[in-house]
Protein chains: 2
Amino acid sequence: MAPRTRQAERRRQVLTRERIIETAVELLDAEGEDALTVRALTGRLATGSGAIYWHIGNMSELLEAATDAVVAAALDPRPAGAGRARDTDRAPETGRARGAVGALEAAGTPQDDIRAVALGLFDAVTAHPWLAGQLAIQFTRNPWGPVTLRIFESIGRPVRALGVPQTDWFTTASALVHYLLGATTQTRRHAGDDTAPASEAERAAFLDTASSAWQELDPGDYPFIRAIAEQMREHDDREQFLAGIDLVLTGITTLHAGSLSRGAEGPTPRGRRGRGSP
Amino acid sequence: MAPRTRQAERRRQVLTRERIIETAVELLDAEGEDALTVRALTGRLATGSGAIYWHIGNMSELLEAATDAVVAAALDPRPAGAGRARDTDRAPETGRARGAVGALEAAGTPQDDIRAVALGLFDAVTAHPWLAGQLAIQFTRNPWGPVTLRIFESIGRPVRALGVPQTDWFTTASALVHYLLGATTQTRRHAGDDTAPASEAERAAFLDTASSAWQELDPGDYPFIRAIAEQMREHDDREQFLAGIDLVLTGITTLHAGSLSRGAEGPTPRGRRGRGSP
DNA sequence: ACCTGAACACCGTTCAAGT
DNA sequence: ACCTGAACACCGTTCAAGT
């Protein structure tokens with residue numbers, strides 16, 4: 001919406017930290033992670049390398065800032081405070097009420113809120129393939145940096161609303177965040193290498209190849225992998241991602257049964273219906 | 001044990017792919033991830049760069065091989081097939097029976113086997129700080145490469161033994177692996193930067209600083225983080241790691257109650273005892 | 001078949017010098 | 001205060017040439 005101020009006066013705008021970050025994201029989206037270099041940046045921004053370093057310190061600081069910006073936009077679609085509201089990036093079909101209210105202060109059950117945060121991240125990784133790698137790097141290199149903190153907070157609030165006893169807040173939120181990180185990190189373009197989110201055909205071809213390769217594995221070494229080769233070919237990333245979330249949610253609600261807030265029982269496992277427990 | 005053949009004849013040994021991988025791991029352990037360069041390798045091995053490339057293709061292939069070697073050793077302490085048995089790397093206190101039988105074909109309940117695999121990885125990351133980052137990179141760059149496959153297989157077998165219905169094997173194992181990856185990735189040296197596994201004092205200092213910083217955060221933006229600052233300062237990585245595993249295991253056993261194998265009920269959450277469900 | 005090592009095409013970062 | 005851009009110290013990788 002309201003697309004204006006594009007290529008035209010881009011040139012002689014003032015150089016700011018925000019503009020550098022913004023350009024970095026564009027570069028990453030368009031050409032992949034290897035394309036983000038200081039020289040590429042100076043090219044797009046029509047400056048010298050010294051100008052970049054006047055504003056940003058160093059390369060990994062820039063990467064962190066770019067990652068944080070995209071994550072912030074994914075978790076709350078409205079302008080966050082600094083800078084402008086990212087390119088109307090709306091995720092395909094994250095949840096029902098997606099407009100005024102961001103994922104952070106959503107309206108559904110705590111479980112729904114957790115799913116909304118998770119899907120926000122999932123969709124962001126789909127839209128920005130480089131994000132998966134950067135999320136992983138931020139978590140390892142800077143375990144409690146801004147990116148981690150932001151995600152933790154977004155997950156923590158609904159965990160609290162769930163009625164989990166205070167002593168378990170940290171552990172419970174950690175488990176969810178760790179699953180989330182692992183899942184979004186591995187769930188990636190099943191395709192070539194960089195850029196573009198990979199077409200449906202590419203994805204299918206990739207899964208086909210992998211699945212076939214698995215069936216060729218030594219039955220002595222990899223009996224399990226062989227056994228699931230077929231399931232893996234047919235699986236849907238998004239569904240599986242949500243199934244995992246529900247698995248963890250089930251674990252949480254089961255462990256804390258009794259102390260949980262009423263009105264929102266278990267997570268109602270998707271696809272399947274009531275089973276056992278009379 | 002049996003320390004011999006050290007520095008002495010290291011020189012004029014034949015150059016093999018295995019020896020290069022081995023040297024890469026040494027370099028990574030001793031000086032951190034940034035220290036692994038082709039030039040450093042040629043220095044230690046007393047060759048030229050061309051010799052390296054004759055055996056290994058390129059740098060990221062080497063990184064993958066080094067990661068896979070360490071992961072293989074962590075999941076099964078005995079010599080795996082190729083190469084020698086890594087430096088008697090035995091993890092501190094992974095499980096009870098740690099000697100002849102590796103984590104892969106362990107003897108306990110399926111739950112115990114899953115914990116053994118998880119702890120094997122956890123301890124490996126502690127012993128080799130660079131491993132966290134490499135695991136993350138392998139998972140994102142090469143979601144179904146050898147490293148992922150190996151871990152998946154190790155987790156999948158006990159999942160199967162647990163009695164989870166076949167249709168859920170892939171999803172269930174995925175959830176566990178994703179949690180595992182996220183947790184081992186973030187649980188890292190709470191210290192300076194590279195090399196050495198970080199002393200207890202460093203760890204405490206790090207947690208102190210982080211915890212204090214959290215308490216200074218804006219209560220409007222980060223209410224949850226502020227609320228758990230104290231818990232975070234006092235938490236034990238290993239315990240929390242296991243608590244997360246048990247959370248996921250509880251989710252699994254709850255969802256599949258009824259179809260599970262007898263003799264091994266729920267995961268008996270640690271620290272806490274029976275609660276609710278008459 | 002295996003290895004040498006100079007050379008190439010890149011990096012990130014610094015810093016005197018300009019305005 | 002902000003920016004320029006040449007220069008520096010590094011990379012990974014290649015390849016003619018040797019044995």
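Below, read A as the first sequence line, B as the second, and so on, with proteins coming before strands; counting in each chain starts at 1.
- Rounded to whole Å, atom P of dG12(D) lies 6 Å from atom OH of Tyr53(B).
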Exercise for the section: Dump the intermediate steps for side chain to side chain donor-acceptor pair (under 3.5 Å) on Gln240(B) and Ser174(A), then the final yes or no. Expected result: CA-CA 8 Å; Gln240(B) 172 157 339; Ser174(A) 289; 2.6 Å; yes

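- Taking the six-membered ring where the residue is Trp, the centroids of Trp144(A) and Phe206(B) are separated by 6.0 Å or more.
- As rounded to the nearest Å, dC2(C) and dA17(D) have P atoms that lie 22 Å from one another.
- Distance from the side chain of Met59(B) is smallest for dT13(D) among the nucleotides dC3(D), dG12(C), dT13(D).
- Rounded to whole Å, the distance from CG on Asp34(A) to P on dG12(D) is 14 Å.
- Pairing partner, dA16(D): dT4(C), with both Watson-Crick or wobble hydrogen-bond distances short of 3.5 Å.
- Atom C1' of nucleotide dT14(D) and atom CG of Asn58(B) are separated by 13 Å, given to the nearest angstrom.
- The base of dA6(D) sits with one of its N or O atoms less than 3.5 Å from a complementary donor or acceptor on the side chain of Ser49(A).
- For the pair Ile52(B) and Val38(A), both in contact range of DNA chain C, the more 5′-proximal nearest nucleotide belongs to Ile52(B).
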Practice task
For side chain to side chain contact (heavy atoms under 4.5 Å, CB included), just list the numbers for Leu63(A) and Leu28(A), CA-CA rounded to whole Å, side-chain angles, deciding distance to a tenth of an Å, and then say yes or no.
Solution key: CA-CA 10 Å; Leu63(A) 246 358; Leu28(A) 288 164; 4.3 Å; yes

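- Comparing dC3(D), dG12(C), dT4(C) against the side chain of Ala51(A) picks out dC3(D) as the nearest.
- Atom C1' of nucleotide dC3(C) and atom CG of Leu15(B) are separated by 9 Å, given to the nearest angstrom.
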Problem - Derivation and outcome, side chain to side chain contact (heavy atoms under 4.5 Å, CB included), residues Thr187(B) and Val125(B) - result: CA-CA 8 Å; Thr187(B) 300; Val125(B) 168; over 6 Å; no

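- Leu36(B) comes within 4.0 angstrom of the backbone, heavy atoms only, and of no base.
- For the pair His55(A) and Arg39(A), nearest-nucleotide mapping onto DNA chain D gives the more 5' position to His55(A).
- Salt bridge status for Glu22(B) with Arg19(B): absent, with no side-chain N to carboxylate O gap under 4.0 Å.
- Here the P atom of nucleotide dG12(C) and the CG atom of Leu27(A) are 11 Å apart, to the nearest Å.
- Atoms CH2 (Trp54(A)) and P (dA17(C)) sit 18 Å apart, rounded to a whole Å.
- Counting to the nearest Å, the P atom of dT13(C) and the CG atom of Leu62(A) are 10 Å from each other.
- Across the protein-nucleic acid pair, Ile20(A) atom CD1 and dC3(D) atom C1' stand 11 Å apart, rounded to whole Å.
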